[in-house]
Amino acid sequence: MPSQAVFESKDKAVYTTSTGAPVSKHYAAQRIGHFGPLLLQDFHHLDVLAHFGRERIPERVVHAKGAGAHGYFEVTHDITDLTCAALFDGIGKKALVTVRFSTVVGEAGSSDSSREPRGMSIKIKTEEGNLDWVFNHTPVFFIRDPAKFPAFVHSQKRDPQTHLKDADMFWDFLSQNPESIHQVMIMCTDHGTPAGYHHSNAYSAHAFKFVNSQGQFVYVKIHLINDNGCKTLTAAEAARQDPDFGIKDLFEDIQAGKYPSYTVSIQTMTSEEAENFRYNILDATKIWPHAEYPLRPVGKIVLNKNPENYFAEVEQAAFSPSHLVSGIEPSADPLLQGRIFAYPDAQRYRLGVNYGQLAVNAPVAPIANFQRDGFMAVNNQGCRPAYQSSILPLQYKAKPYEHVEHEVFLGAALADLSEVTELDFEQPRALWSRVLNDQDRAHLISNVAGHLVSAKSAEIKARMLSVFAAVDQGLADRIADAIGVPRVQPLKVKPAEDAVRFRSSVTA
Ligand code: HEM
């Protein structure tokens with residue numbers, strides 16, 4: 001007799017092997033008598049154990065912890081003057097979306113309340129292929145050079161020897177790369193601890209190019225503004241949360257019909273405006289002031305469906321800023337250009353070469369090309385020839401525009417790592433002196449102090465304080481006093497005039 005009760009099945013599902021053969025009576029292993037060894041002939045049992053041992057796939061190297069949901073994107077405003085992307089070509093037009101929210105540095109089992117950016121990735125299944133927006137909940141990023149990204153992440157992950165998070169490593173990197181100060185300051189306000197996953201805005205950070213049917217483009221930053229406002233936690237509130245509170249909150253809100261929704265808006269700049277802008281528009285550490293570049297609404301994203309299966313619909317989701325559609329092009333932002341390689345490459349490793357064929361990633365638009373085979377090819381394009389044949393040739397659909405006007409890049413190949421200048425401190429200074437209120441400032445100081453105090457190296461502490469002093473001497477002095485170390489002078493950097501000016505067209 002089976003040792004476990006068999007309950008009446010609601011969906012009449014019959015237990016089978018992985019090959020679909022019904023298993024009689026129960027799922028036990030075959031053995032000789034009650035005390036003898038197990039039998040090699042028992043495919044069912046071997047299959048169960050072998051599959052179990054292969055259940056884990058590599059977690060994402062960053063953004064490993066997360067939650068997801070499905071919903072739709074709907075066009076609410078006409079932007080066909082800016083882009084010919086088919087997705088936007090009619091008010092009221094809808095497309096299915098899958099969204100994944102995430103923290104950044106922690107492992108898959110880490111806490112939803114850590115102090116860091118929250119990712120919000122959106123896969124929009126348009127009639128002309130998938131458009132992915134792989135955004136964070138803050139409008140700027142820590143760095144602007146892709147070469148720094150792996151080192152930056154390493155400094156926040158575990159120490160190679162102790163396998164512990166390390167405050168010295170953390171502040172050592174940030175103090176040597178002061179362009180990060182804008183994002184560091186935002187992270188150390190209560191914005192660094194959002195109240196779960198779906199109570200924040202999300203931002204592209206990079207400029208993309210929206211191209212219209214005449215081939216004219218504007219630079220665009222995309223903002224998803226939360227229709228229910230942003231909610232944050234104080235450090236004390238964050239410390240009290242259950243590690244999975246964000247996942248739970250999202251799931252329960254959607255089950256209860258309280259659907260998260262976002263207004264999709266854009267800021268735009270012509271290339272002439274971009275050349276006259278004070279900052280390099282290809283620098284993801286900078287915002288575009290809303291007073292000069294106001295938000296223009298585009299559409300709405302509503303999340304109204306929980307996944308049925310987390311692994312299939314969220315863990316296996318593969319988002320990439322390189323998944324673009326005709327009418328939206330990448331800008332030359334080096335960080336974005338680095339990401340264009342990094343995401344599909346990580347996904348080929350994490351999910352396999354045919355990750356795009358998994359149901360959650362497969363476009364609604366039909367696929368026809370000459371890619372074939374590889375592990376787990378579930379859509380191998382039938383009998384269609386795997387080359388451009390005369391037997392069953394593929395057609396090419398021209399973009400409405402031949403090429404994008406204006407941008408011309410000329411120059412020698414050079415090893416380019418950006419330099420820090422006084423320009424890098426202007427926006428953080430405005431944040432400190434004009435945007436934050438007294439309570440925000442007090443929280444920022446206690447949140448920085450609470451972490452920086454754990455660094456053992458006096459040199460690292462002093463160097464980081466000099467970065468804060470370059471933003472505002474009073475800010476640095478308050479942190480120094482809070483952690484009981486001497487006050488320091490501002491970091492010396494090059495003047496603003498020495499910053500490389502953005503040029504979108506270079507003629508020899
Ligand atoms: C050169 C800079 C960067 C590199 C090399 C990089 C690399 C990566 C990699 C390899 C992953 C894991 C992908 C996967 O396994 O599916 C990832 C995830 C992610 N990154 Fe980045 N990243 C960079 C900058 C950024 C920036 C600037 C943002 C936001 C503005 C961002 C937002 C995200 C998000 C939201 C995810 C999670 C995607 C998901 O939900 O599956 N990253 N990144």
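For the single chain, residues carry numbers from 1 onward in sequence order. As the structure lists them, so they are numbered: ligands from 1, and atoms in each ligand from 1.
- For atom 34 (C) of ligand 1, the nearest non-hydrogen atom from the set His63, Arg339, Arg100 belongs to His63.
- Counting heavy-atom neighbours within 6.0 Å of Tyr349 OH, excluding the residue itself, gives a total of 12 or less.
- Of the protein's non-hydrogen atoms, the one nearest atom 20 (N) of ligand 1 is Tyr343 OH, 2.7 Å.
- Judged by the shortest distance from any of its heavy atoms, Gly338 lies outside the 4.0 Å radius around the atoms of ligand 1.
- Counting the atoms of ligand 1 from 1 in the order shown, those under 4.0 Å from a heavy atom of Gly119 are 35 (C).
- Considering backbone and side-chain atoms together, Asn136 places no N or O closer than 3.5 Å to any N or O of ligand 1.
- Contacts of Phe101 with ligand 1, taken as heavy-atom pairs under 4.0 Å, are absent altogether.
- For Thr285 and Asp283, the side-chain atoms include at least one donor-acceptor pair closer than 3.5 Å.
- Heavy-atom contacts of Ala346 reach the following atoms of ligand 1: 10 (C), 15 (O) (cutoff under 4.0 Å).
- No side-chain donor from either of Asn354 and Gln371 sits under 3.5 Å from a side-chain acceptor of the other.
- Remark: Ser265 OG to Leu224 CG distance equals 8.5 Å, nearest 0.5 Å.
- One N or O on the side chain of Arg441 and one on the backbone of Trp432 form a donor-acceptor pair closer than 3.5 Å.
- At a 4.0 Å heavy-atom cut-off, ligand 1 touches Ser121 through the side chain alone.
- No side-chain donor from either of Asn130 and His323 sits under 3.5 Å from a side-chain acceptor of the other.
- Under the 3.5 Å distance criterion, with hydrogens and angles disregarded, a donor-acceptor pair is assigned to the side chains of Arg144 and Ser418.
- Distances between N or O atoms of Gln347 and those of ligand 1 include at least one value under 3.5 Å.
- Taking any N or O of Tyr203, backbone or side chain, none lies under 3.5 Å from an N or O belonging to ligand 1.
- When each of Leu431, Ile181, Leu444 is paired with Ile186, the side-chain contact (heavy atoms from CB on, under 4.5 Å) condition holds for Leu431 and for no other.
- Every atom of ligand 1 with a heavy atom of Pro146 under 4.0 Å away is listed here by number and element: 1 (C).
- For atom 14 (C) of ligand 1, the closest non-hydrogen atom on the protein side is Arg350 NE, 3.5 Å.
- Proximity to Val62 (heavy-atom distance under 4.0 Å) selects the following atoms of ligand 1: 8 (C), 9 (C), 11 (C), 17 (C), 18 (C), 43 (N).
- In this structure, atom 5 (C) of ligand 1 lies nearest to the protein heavy atom Phe149 CD2, 3.3 Å.
- By the 3.5 Å distance cut-off applied to N or O atoms, Arg60 is counted among the residues near ligand 1.
- A salt bridge does not link Asp159 to Lys165: none of the charged nitrogens lies less than 4.0 Å from a carboxylate oxygen.
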